[in-house]
Amino acid sequence: MTKNVTLEDIVSLCKRRGFVFQSSEIYGGLAGFYDYGPLGVELVNNIKAEWWNAMVRENDNIFGLDSAIIQNPKLWEASGHVAGFTDPLVDCKNCGARHRADHLAGKDTNDIKELTTLLKDKVCPTCGKKTLTPPRFYNMMMKTWVGPVEDSSSVAYLRPETAGPMFTNYENVRETMRAKLPFGIAQIGKTFRNEISPRDFIFRVRELEQMEMQYFIKPQAQKKSYQQWRDFAWNFLTKRLGIDESDLQWHEHDKDERAHYAAAAHDIYFRFPQGFKELWGTHDRTDFDLGNHSKASGKDLGYYDDETKERFTPFVIESSVGVGRILMAVLTAAYHIEEINGEKRVVLKLDPKLAPYKIAVSPLLKNKPELVAKAREVYELLKKNPLYSNGVMWDDNGNIGKRYRRQDEIGTPKCVTIDFQTMDDGTVTVRDRDTTKQKRVVVADL
Ligand code: GAP
């Protein structure tokens with residue numbers, strides 16, 4: 001279970017150790033945009049690789065895609081996003097601030113009537129005055145123009161979910177991979193949402209990365225596949241990322257909360273520092289997307305079943321999760337404050353396969369050339385070892401105690417120190433991140 005980790009703890013660690021920086025920080029930043037630093041990139045890449053393995057490489061019938069961020073805007077008209085990708089919003093007539101109406105009302109609902117009632121006596125959280133407008137819908141898609149002319153004929157959207165192009169590529173993938181139902185298309189990529197109130201660090205941002213998979217099925221497989229992909233999400237978080245079950249819970253969307261394309265939705269909530277919040281969604285999208293794209297494009301996206309000799313529009317079960325939210329969940333779950341011999345330490349108990357660095361190599365003293373040369377030799381040797389998948393760090397900054405603290409904070413599972421005894425007997429000290437125990441090991445056994 002995550003123990004009293006605050007959002008400030010996570011934000012401060014991310015900045016201090018180079019996981020996440022505010023974007024364009026020297027200009028005061030930009031709300032809802034973040035940059036991943038040297039450690040963040042490694043951790044995120046490891047998370048994405050784990051998902052890609054579990055989703056694509058280990059499943060014969062799931063195929064990868066990397067589509068363009070900008071698509072023909074007709075895609076987003078047919079998918080219902082131009083009309084329906086909205087959040088409810090209220091303006092403050094006094095200070096001009098804008099707030100998510102459902103957040104302010106404290107209820108996940110898109111029912112404007114209900115929100116109006118719930119917000120009747122609310123004051124603006126920014127200025128404290130009772131000057132809020134009635135709630136209204138606001139479209140969250142980000143717009144741009146394609147080509148040199150900036151008019152309505154050149155308007156295009158930055159994709160608000162990676163799903164859309166997976167539907168428009170359904171037939172391309174089915175044909176080229178000779179796929180039969182059920183099969184899936186998966187992709188990892190950037191998406192953009194003009195969130196009204198980005199907040200809680202990287203939890204709600206305007207530029208995000210999603211890992212999504214659309215599973216195309218026969219309509220009668222709807223229930224079974226829905227359960228299959230709910231189980232996948234739960235097992236991935238607990239078994240492959242090492243998140244404790246007590247930090248997760250299911251949340252079923254009621255009708256007013258569901259996205260316009262979903263007939264059913266189950267989220268996994270994680271115990272973030274700010275409370276239990278949405279981490280991963282499984283959605284039953286029925287034949288909504290392929291049906292709409294068939295109608296709007298004039299291209300029949302139906303499926304002919306050789307066995308039953310029937311033609312129908314496949315149904316879709318979607319698995320969707322934000323990379324940033326997984327990163328935040330992984331950091332929160334791994335963050336521990338411990339006291340050892342009266343000294344406090346912060347330690348990230350990351351699964352070794354996620355850790356940005358697997359092992360750090362140090363000479364005991366930086367001003368002893370023979371120790372440094374031997375340590376360099378060990379470092380080069382370990383870099384060649386596939387066990388450490390290039391995650392070997394050279395660390396000769398500060399004294400040994402400080403190095404251990406730093407490596408604990410970035411989750412490096414093992415630290416190797418080369419000392420005077422190494423010169424005599426060829427052994428080095430290996431220190432374990434979680435137990436802090438040290439043992440002597442022959443270099444060849446590393
Ligand atoms: N294709 C379905 C879809 O996009 P969603 O519930 O809107 O569904 C899926 O988003 C996941 O993407 C969420 O569960 C969350 O992990 C992540 N996500 C959505 N909006 C986000 C935002 N503004 N900032 C960070 N992550 C977000």
Side-chain angles (χ1 to χ4, degrees), residues 4-16 20-35 81-144 157-158 160 191-208 251 253-254 256-260 267 269-279 322 324-325 328-329 332:
N4 303 329
V5 184
T6 65
L7 195 58
E8 289 69 39
D9 289 334
I10 300 296
V11 176
S12 154
L13 174 80
C14 283
K15 163 93 176 135
R16 196 167 66 244
V20 183
F21 306 125
Q22 205 181 7
S23 76
S24 37
E25 190 181 349
I26 59 168
Y27 293 106
L30 186 63
F33 296 89
Y34 287 90
D35 300 337
H81 283 80
V82 171
F85 192 60
T86 51
D87 268 341
L89 153 111
V90 285
D91 291 282
C92 174
K93 286 183 275 188
N94 178 51
C95 70
R98 289 184 153 179
H99 304 280
R100 271 277 290 266
D102 51 338
H103 290 170
L104 206 56
K107 184 156 188 214
D108 273 333
T109 178
N110 280 323
D111 183 332
I112 286 286
K113 249 188 171 163
E114 190 182 10
L115 286 171
T116 309
T117 313
L118 290 169
L119 292 171
K120 206 162 58 79
D121 296 319
K122 292 269 183 216
V123 295
C124 168
T126 311
C127 70
K129 295 239 160 71
K130 216 176 137 191
T131 41
L132 296 175
T133 61
R136 64 186 165 92
F137 283 119
Y138 158 87
N139 194 295
M140 289 198 294
M141 279 205 292
M142 290 218 189
K143 278 186 193 165
T144 186
Y157 303 98
L158 306 192
T191 62
F192 299 82
R193 299 179 176 192
N194 211 353
E195 293 282 352
I196 297 160
S197 40
R199 60 164 142 170
D200 295 335
F201 191 40
I202 53 172
F203 180 82
R204 188 175 305 286
V205 288
R206 290 177 165 143
E207 175 177 337
L208 58 139
H251 168 82
H253 285 217
D254 64 28
D256 293 332
E257 194 187 341
R258 291 198 289 256
H260 63 276
D267 289 335
Y269 275 27
F270 173 77
R271 193 198 301 268
F272 287 102
Q274 69 275 29
F276 271 103
K277 300 267 177 209
E278 176 184 344
L279 173 59
R325 285 201 192 170
M328 216 168 140
T332 306

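In what follows, residues are counted from 1 in the order of the sequence shown.
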Q. Are the charged groups of K113 and D111 less than 4.0 angstrom apart, N to O?
A. no
**Q.** Short N-O contact, E257 and K107, less than 4.0 angstrom
**A.** no
Which distance, rounded to the nearest 0.5 Å, do you find between the [atom1] of [X] and the [atom2] of [Y]?
X	Y	atom1	atom2	answer
F276	D267	CZ	CG	13.5 Å
I202	D35	CD1	CG	12.0 Å
T109	L118	OG1	CG	8.0 Å
N110	R258	CG	CZ	11.5 Å
N4	D9	CG	CG	9.5 Å
K122	K130	NZ	NZ	11.5 Å

So which atom in [X] and which in [Y] form the shortest heavy-atom distance, rounded to 0.1 Å?
X	Y	answer
F21	K15	CE2-O, 3.9 Å
P88	I196	O-CD1, 3.8 Å
F33	R206	CZ-CB, 3.6 Å
L119	A105	CD2-N, 3.8 Å
H260	G84	ND1-O, 3.7 Å
F192	M142	CB-CG, 4.2 Å

Do [X] and [Y] touch side chain to side chain, with heavy atoms closer than 4.5 Å?
X	Y	result
Q274	R199	no
H253	D108	no
F201	C14	yes
P160	T191	no
S197	H99	no
C124	N94	no

**Q.** Sidechain-backbone polar pair: Y157 side chain, V82 backbone, donor-acceptor under 3.5 Å
**A.** no
Q. Is a side-chain N or O of N139 found less than 3.5 angstrom from the main chain of H81, in a donor-acceptor match?
A. yes
**Q.** Verdict with reasoning, R325 to E278, per side chain to side chain contact (heavy atoms under 4.5 Å, CB included)
**A.** CA-CA 9 Å; R325 285 201 192 170; E278 176 184 344; 3.8 Å; yes
(Q) Less than 6.0 angstrom separating the ring centers of F270 and F272, yes or no? (A) yes
Q: Given side chain to side chain contact (heavy atoms under 4.5 Å, CB included), test R100 with R204 step by step and report yes or no.
A: CA-CA 12 Å; R100 271 277 290 266; R204 188 175 305 286; 3.8 Å; yes
(Q) side chain to side chain contact (heavy atoms under 4.5 Å, CB included), that's the test. Do L7 and F203 meet it? Break it down for me. (A) CA-CA 10 Å; L7 195 58; F203 180 82; over 6 Å; no
(Q) Does E195 form a side chain to side chain contact (heavy atoms under 4.5 Å, CB included) with V205? I'd like the steps, not just the answer. (A) CA-CA 7 Å; E195 293 282 352; V205 288; over 6 Å; no
